[in-house]
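As a basis for the values below, the full set of heavy atoms in this structure was taken, side chains included, without hydrogen atoms, waters or symmetry mates.
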Number of protein chains: 2
Amino acid sequence: MRTDLRVIKTKEALHNALLEVLDEKSLDAISITEICRKAKVNRGTFYLHYAQVEELFEEYFKEITADLARSYQEPYRHVTVLNTKELNPDTIRIFHHIEKYKRFYRIVFSKKVPLLYYYLLFEEIKQLLLKDQEAILHEDIDHELHCSYQANAIIGIIIDWYHKDFSYSVDYLNRQLVQIVNIQSSNSTGA
Amino acid sequence: MRTDLRVIKTKEALHNALLEVLDEKSLDAISITEICRKAKVNRGTFYLHYAQVEELFEEYFKEITADLARSYQEPYRHVTVLNTKELNPDTIRIFHHIEKYKRFYRIVFSKKVPLLYYYLLFEEIKQLLLKDQEAILHEDIDHELHCSYQANAIIGIIIDWYHKDFSYSVDYLNRQLVQIVNIQSSNSTGA
DNA sequence: AATTTTATTGAACAGGTGTACAGTAAAATC
DNA sequence: GATTTTACTGTACACCTGTTCAATAAAATT
């Protein structure tokens, strides 16, 4: 069998316990022992499923990044995301997504946390761009490198946002992104 | 006094021990006890200077990112780095820097390591861009947000490079970056 | 050179980590 | 419903962590 009821029950208990403890302290300060105490699960059982507390959190976070992809496949207007002239603030769902799961992204972007979560987010955005822009190929430009560039550029804005405690509005960031992406076409003459 | 000889000696011993152990295992697998054994320093002494092994590595890494800034202030041709039309592959020193300290960046970009090092690199590049581009201000665009966008975009390329085990040449990446940055001006019509 | 200051040491402590293994209990399978 | 399979438990062990504190030794200061 693929899903033993005992496994489901154990994982659920650990999940709930982690969320509980995350209200009290930061991820890096949480011990396996503490989670197991709260979940009423033997410590050895924890190691049957995970190696560190971080792996338990990783399970959550993968669900969240999956939601990001889903929000793009909605019967929403699914338009090219970063194609210069056609870029529409309404079609950018990323900042909206981050704000929705602000509670988790505060953890993901905290400096003591492993890079792993960053890569999960990066890969998700990169994949969206790779699919979205497969039609728009540029000569002499490595398409994947280009998408890595763009995906991480967006995360650069998100990092700034995070460091300002998510104080900008989603609308403002959408508008800024459109302006930034459209810069070169108007700047190629000046400066 | 600012620099007690004992402190210098202790830190040197710890530094050397860390480098030694880093040849054998990854940063996250190194224990404080192990470093102190090799350095012949009491474990309590370690805690007088650092809280974790990661902080010891941080000291190294700050020297490395400082070298990145220095390479820009050289009597080299110090030209605007990312201004579209004036961008010259020779003036881009970032990929060169990364390759030079490849050994360290392999650690910095490994997924188990804390985000902190990423932020140190990000901030260094961002500061370079902030200074470099203070002349080129765009209306309606938050200058800092713009630099965060560009700085992290470059790191996006570096991440790709890292995940391909630094197999691209520095020259190739410089040329790709120039092409990508110059895209919009030629793309605003097509697509 | 004698005195003062302070970094380092060593020992000890409560707690967490990671692993192993036999015993138990709760699933799945028949 | 009886049997087989396997997830979980409890215990134990060696080791690492983070902290405290009096004793020591190596600096700086006079």
ask   = OP1, OP2 of C/dT9 versus side-chain N and O of B/Thr45: anything below 4.0 Å?
value = yes
In whole angstroms, the gap separating P of D/dA26 from CG of B/Leu5 amounts to 12 Å
Against the side chain of A/Ile32, the closest entry in D/dG18, C/dT9, C/dG18 is C/dG18
Rounded to whole Å, the CD1-P distance (B/Ile35 to D/dG18) equals 12 Å
The residue among A/Phe104, A/Tyr105, A/Tyr101 that forms ring pair (Phe, Tyr, Trp, His ring centres under 6.0 Å) with A/Phe61 is A/Tyr105
State whether B/Thr33 places a side-chain N or O below 4.0 Å from either non-bridging phosphate oxygen (OP1 or OP2) of D/dC15.
-> no
*For atom NZ of B/Lys164, decide whether the heavy atoms of other residues, nucleotides or ligands shown that lie under 6.0 angstrom number more than 12.*
yes
Walking DNA chain D from its 5' end, the first of A/Val7 and B/Ser31 to be reached, judged by nearest nucleotide, is A/Val7
Comparing nearest nucleotides in DNA chain D, the 5'-proximal residue of the pair B/Gln52, A/Ile8 is A/Ile8
Side-chain donor or acceptor of A/Arg6 under 3.5 Å from a matching atom on the base of C/dA26?
-> yes
Taking C/dT9, D/dC8, D/dC16 as options, the one with an atom nearest any side-chain atom of B/Val41 is C/dT9
ask   = Do other residues, nucleotides or ligands put more than 12 heavy atoms under 6.0 Å from A/His96 NE2?
value = no
Rounded to whole Å, the OH-P distance (B/Tyr50 to C/dT8) equals 10 Å
Rounded to whole Å, the CD-P distance (B/Glu34 to D/dC16) equals 8 Å
From the list A/Tyr118, A/Tyr119, A/Phe109, ring pair (Phe, Tyr, Trp, His ring centres under 6.0 Å) with B/Tyr118 holds only for A/Tyr118
Atom CG of B/Leu48 and atom P of C/dG10 are separated, to the nearest Å, by 14 Å
To the nearest angstrom, the CZ-C1' distance between B/Arg37 and C/dG10 comes to 16 Å
Check your understanding: Just by distance, with hydrogens left out, do B/Asp28 and B/Ser26 show a side-chain donor and acceptor under 3.5 Å apart?
Key -> yes
- Phosphate-side-chain proximity, A/Thr10 and D/dA7, N/O vs OP1/OP2 below 4.0 Å: no
* Determine whether any donor atom in the side chain of A/Arg43 lies under 3.5 Å from an acceptor atom in the base of C/dG16, or the reverse, and answer yes or no. => no
Separation of C/dT19 atom P from A/Phe46 atom CZ, nearest Å, is 12 Å
Closest to the side chain of B/His49, out of C/dA27, C/dG18, C/dT8, is C/dT8
Rounded to whole Å, CG of B/Asp4 lies from C1' of D/dT29 at a distance of 12 Å
